[in-house]
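Take a look at the structure below.
Here the structure is a predicted model, which means the values were calculated and not measured.
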Amino acid sequence: MTSDAAEESGAHPRFAEALEELGLADLLPRIRRFPDATRTADEAAAAIGCELSQICKSLIFAAWGSPLLEGSRELGGGVPVLVLMDGASRVDVELVRRELGAEKVTRARVELVRETTGYAIGGVPPFGHRTRTRVLADRSLLDHDVVWAAAGTPYTVFPMDPKTLVAHAGGTLVDVREQHL
């Protein structure tokens with residue numbers, strides 16, 4: 001695969017490189033690039049023409065005091081945790097906290113997202129990050145044959161079957177979406 005093919009795809013160079021390293025270079029031509037940013041799941045679903053729940057959001061949280069996360073008791077920032085969630089749902093932070101056995105879980109600061117993943121919010125892909133993090137994937141993603149996730153920029157997305165996506169992300173399947181009664 002040449003860098004021209006990666007550049008043509010519109011994917012972030014780091015993400016294109018990750019696809020090649022994972023043996024997924026055949027995904028590069030399937031990446032869709034939009035003229036306007038699709039920073040939200042709503043915008044992405046409208047641009048793609050899919051259901052909102054077919055969007056895979058990659059959200060970074062910070063966890064403190066978890067025996068499952070090395071360094072989470074250190075002062076300063078929490079340990080980053082990636083949560084993969086369907087676009088129609090919201091993450092229940094209390095369920096994430098329980099899943100990790102953490103004392104506290106919050107949304108990560110913008111700086112922590114960029115530092116951890118190497119990508120800006122609105123373009124964070126489910127894998128191909130700068131650092132390795134714990135990944136929780138909500139089971140709701142498995143409700144679809146194909147989901148769409150960011151390809152490293154707010155202008156690009158790629159399709160993948162959710163089981164394969166979760167596997168490449170190194171995710172653990174969990175139930176962490178808000179439940180509405």
Next on the checklist: Determine whether S89 and D138 satisfy the following criterion, side-chain contact (heavy atoms from CB on, under 4.5 Å), listing intermediate values before the conclusion.
Outcome noted: CA-CA 10 Å; S89 300; D138 192 78; 5.9 Å; no

Checklist outcome for this item: When every non-hydrogen atom of A150 is compared with those of P125, the smallest separation belongs to O-CB, 3.1 Å

Checklist entry - How far apart are the C-alpha atoms of H12 and T156, what are their side-chain angles, what is the distance that settles it, and do they pass the side chain to side chain donor-acceptor pair (under 3.5 Å) test? => result CA-CA 8 Å; H12 189 286; T156 55; over 6 Å; no

Next on the checklist: Is there a continuous path of hydrophobic side-chain contacts, each under 4.5 Å between heavy atoms, that joins L19 to Y155?
Outcome noted: no

Next on the checklist: To check you understand the geometry: which heavy-atom pair defines the closest contact between A102 and A63, and what is its length?
Outcome noted: CB-CB, 4.3 Å

Checklist outcome for this item: Rounded to the nearest 0.5 Å, the CZ atom of R90 sits from the CD atom of E178 at a distance of 5.0 Å

Item to check | From CA spacing to verdict: side-chain contact (heavy atoms from CB on, under 4.5 Å), L82, T117 | outcome: CA-CA 9 Å; L82 173 65; T117 67; 5.9 Å; no

Item to check | side-chain contact (heavy atoms from CB on, under 4.5 Å) between D86 and K57, intermediate numbers included | outcome: CA-CA 6 Å; D86 79 80; K57 299 186 287 192; over 6 Å; no

Next on the checklist: Less than 3.5 Å apart, any donor N or O on the side chain of S140 or D143 sitting next to an acceptor on the other?
Outcome noted: no

Checklist outcome for this item: Minimal heavy-atom distance between P126 and A149, with the atoms involved, is CD-CB, 3.7 Å

Checklist entry - Looking at CH2 of W148 and CZ of R30, how far apart are the two atoms once the value is rounded to the nearest 0.5 Å? => result 7.0 Å

Item to check | Plane angle bin for F158 and F127 - parallel if under 30°, tilted between 30 and 60°, otherwise perpendicular | outcome: perpendicular

Checklist entry - Do H144 and S53 have side-chain N/O donor and acceptor atoms under 3.5 Å apart? => result yes

Checklist entry - Salt bridge between E94 and R97, side-chain N to carboxylate O under 4.0 Å? => result yes

Checklist entry - Can you tell me how far the CZ atom of R14 sits from the OG1 atom of T153, to the nearest 0.5 Å? => result 13.0 Å

Item to check | Nearest-0.5 Å distance that lies between atom CZ in F61 and atom CG in L112 | outcome: 12.0 Å

Item to check | Atom of V105, atom of V96 and distance for their closest heavy-atom approach | outcome: CG1-CG1, 4.0 Å

Next on the checklist: Name the residue from V147, V157, V166 that meets the side-chain contact (heavy atoms from CB on, under 4.5 Å) definition with C56.
Outcome noted: V147

Next on the checklist: For residues Y119 and I55: do they belong to one hydrophobic cluster (side chain heavy atoms under 4.5 Å, members Ile, Leu, Val, Met, Phe, Trp, Tyr)?
Outcome noted: no

Next on the checklist: Could you report the tightest heavy-atom contact between P159 and L27, atom names first, then the distance?
Outcome noted: O-CD2, 3.3 Å

Next on the checklist: Quick check on the hydrophobic clustering: are F34 and I31 connected, directly or via other members, by side-chain heavy-atom contacts under 4.5 Å?
Outcome noted: no

Next on the checklist: Before you tell me yes or no, could you show the steps for L28 and E20 under side-chain contact (heavy atoms from CB on, under 4.5 Å), namely the whole-Å CA-CA distance, both residues' side-chain angles and the distance that decides it to 0.1 Å?
Outcome noted: CA-CA 9 Å; L28 285 169; E20 289 185 21; 4.1 Å; yes

Item to check | From CG (D161) to CG (L141), nearest 0.5 Å | outcome: 11.0 Å

Checklist entry - Crowded around R139 CZ? As in, over 12 foreign heavy atoms under 6.0 Å? => result yes

Checklist entry - In Å and rounded to the nearest 0.5 Å, what is the CZ to OG1 distance from R33 to T38? => result 10.5 Å

Item to check | Hydrophobic cluster membership, L52 vs M85, 4.5 Å side-chain cutoff | outcome: no

Checklist entry - Should F15 and L22 be counted in the same cluster of Ile, Leu, Val, Met, Phe, Trp and Tyr side chains packed under 4.5 Å apart? => result yes

Next on the checklist: How close do R32 and I48 get, counting heavy atoms only, and between which atoms?
Outcome noted: NH1-O, 3.3 Å

